[in-house]
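First up is the structure itself, then whatever we jot down about it.
These numbers come from the heavy atoms of this one structure, side chains and all, not from hydrogens, waters or symmetry mates. All figures in this text were calculated on a predicted structure; none of them were measured in a lab.
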Amino acid sequence: MNNTANTAGASSRSKSRRSSLFKSMSSRYDLYLMLLIPLTWYLVFHYGPLYGLQIAFKNFSPAKGISGSAWVGFDHFQRFIESYYFWRLLWNTISINLFSLLFAFPIPILLALLITEIRNKAFSKIVQNITYIPHFISIVVMVGMLMLFLSQRGGPVNTIIEAFGGAPVRFLDSAAWFKSIFIGSNIWQNMGWQSIIYIAALSGVNPQLYEAAKMDGASRLRRIWHVSIPGILPVIVILLILDVGHFMNVGFEKILLMQNNLNLESSDVISTFVYSTGILKGEYSYTAAIGLFNSIINLALLLLVNRFARKKAETSLW
């Protein structure tokens, strides 16, 4: 009898929730209708193409189509993992993203703290404008600037090196310099733009906390450490989770523009390999398997970091 009563009660509560949801949707139907546009976008352009993922498990032939191609199971995944270039591609992809996370992620936070601590508002705006402007430079122009500045013959950097008695360095033709140049130029181009959200978060910190810390004798660095950083910590955690969510995705366009045969040892990553093998050579099934492998790693990292952040920092995406 008790089980029957509990089941009936749960059923009635479920019906009540559905009824209240329907009433809410009918009363604000205009807002829900506006959701149809982004919902349609995601269904057509994001979820619809997932149908084509099955070619990663087939020997896809454009003449036969997706449904007519023969199944090969995990053969493409096995071929990729057993290939001689697997570890090079994996290491280059992971190392570029790992170093970017270690060095590029904290710099916008430091820049935001610096800008908010500048008492002269006019100078603060000048710093903001100077750091924002590089974000609007296109990737093609950015790579062109790197080629110009780092040129072995006549480049400003090598001119300075030669002025101090050093030998000119072939920066863009060196595998040893590629990652440093790529990450460093990314930091310079994006740190100002990425600091905007941290500046906005810092503006929401209660000013009374700063006054209380100042009255307690806390120095400026102490106020930053004990008030500013804890105040924006949830924002930092959320953005860190989002960055880890596309950890295996590297700036494909920029790497492709900077890549050449001399720096291929450091610049060849999974995304450029998928382009050169899948698009240029037409191995669609093989590169679809590689792309799926890459996406599964991203998903696993996102779930792990989100779960860790939820336990330790009590902040997460869901």
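- Under the 4.5 angstrom side-chain criterion for Ile, Leu, Val, Met, Phe, Trp and Tyr, Trp91 has no cluster partners at all.
- In this structure a side-chain-to-backbone donor-acceptor pair under 3.5 Å is missing from Thr277 to Val274.
- Under the ring pair (Phe, Tyr, Trp, His ring centres under 6.0 Å) criterion, the residue pairs touching residues 111-142 are His135-Trp193, Phe136-Trp193, with sequence neighbours excluded.
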Pair up each side-chain donor or acceptor in residues 102-115 with any protein partner under 3.5 Å, not counting sequence neighbours, and list the distances.
none

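- Ring-plane geometry between Phe86 and Phe80 is classed as perpendicular, the angle between the planes exceeding 60 degrees on a 0 to 90 degree scale with a lower cut at 30.
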Atom pairs and distances, side-chain donor-acceptor, residues 39-48, under 3.5 Å, sequence neighbours left out:
| unit_1 | atom_1 | unit_2 | atom_2 | d |
| --- | --- | --- | --- | --- |
| Thr40 | OG1 | Leu36 | O | 2.5 |
| Trp41 | NE1 | His46 | NE2 | 3.3 |

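- Both Ile94 and Leu303 sit in one connected hydrophobic cluster of ILVMFWY residues. Membership requires side-chain heavy atoms under 4.5 Å apart, directly or through other members.
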Side chains of residues 139-160: which donor-acceptor pairs under 3.5 Å do they make with residues two or more places apart or in other chains?
| unit_1 | atom_1 | unit_2 | atom_2 | d |
| --- | --- | --- | --- | --- |
| Ser151 | OG | Arg153 | N | 3.4 |
| Ser151 | OG | Arg153 | O | 3.2 |
| Asn158 | OD1 | Val169 | N | 2.7 |
| Asn158 | ND2 | Ser151 | O | 2.9 |
| Asn158 | ND2 | Val169 | O | 3.0 |
| Thr159 | OG1 | Gly155 | O | 2.7 |

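- Within the structure, side chain to side chain donor-acceptor pair (under 3.5 Å) pairs that include any residue of residues 293-302 comprise Asn249-Asn294, Asn249-Asn298 (at least two apart or interchain).
- Annotation: Asn206, atom CG; neighbour count of heavy atoms from other residues, nucleotides and ligands within 6.0 Å is above 12.
- Applying the ring pair (Phe, Tyr, Trp, His ring centres under 6.0 Å) definition to pairs two or more places apart or across chains, those involving residues 150-175 are Phe171-Trp177.
- Follow the hydrophobic side-chain contacts under 4.5 Å out from Ile187 and you reach Leu242 in the same cluster.
- Going from atom CD of Glu283 over to atom CG of Asn59 covers 10.0 Å, rounded to the nearest 0.5 Å.
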Under 3.5 Å, which donor-acceptor pairs do the side chains of residues 226-239 form with other protein atoms, sequence neighbours left out?
| unit_1 | atom_1 | unit_2 | atom_2 | d |
| --- | --- | --- | --- | --- |
| His226 | NE2 | Arg222 | NH1 | 3.4 |
| Ser228 | OG | Tyr210 | OH | 2.7 |

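- Glu265 CD: 12 or fewer foreign heavy atoms inside a 6.0 Å radius.
- The other residues sharing a hydrophobic cluster with Tyr284 are Tyr51, Ile55, Phe60, Ile66, where clustering joins ILVMFWY side chains under 4.5 Å apart.
- Surrounding CG of Leu33 are more than 12 heavy atoms belonging to other residues, nucleotides or ligands, all under 6.0 Å away.
- The ring pair (Phe, Tyr, Trp, His ring centres under 6.0 Å) contacts involving residues 230-269 comprise Phe252-Tyr275, where partners must be two or more places apart or lie in separate chains.
- Atom OG of Ser266 sits about 9.5 Å away from atom CZ of Arg88, to the nearest 0.5 Å.
- Note on Ile290 and Ile296: same hydrophobic cluster, where clusters join Ile, Leu, Val, Met, Phe, Trp and Tyr whose side-chain heavy atoms are under 4.5 Å apart, directly or indirectly.
- Atom OG of Ser316 and atom NZ of Lys311 lie 12.0 Å apart (nearest 0.5 Å).
- A continuous path of ILVMFWY side-chain contacts below 4.5 Å connects Leu317 to Ile197, so both sit in one hydrophobic cluster.
- Side-chain contacts under 4.5 Å among hydrophobic residues (ILVMFWY), followed directly or transitively, place Phe308 with no other residue at all.
- If you take CG on Leu240 and CG on Asn306, they are separated by 11.0 Å, rounding to the nearest 0.5 Å.
- If you chain together ILVMFWY residues whose side-chain heavy atoms come under 4.5 Å of each other, Leu264 ends up in a group of its own.
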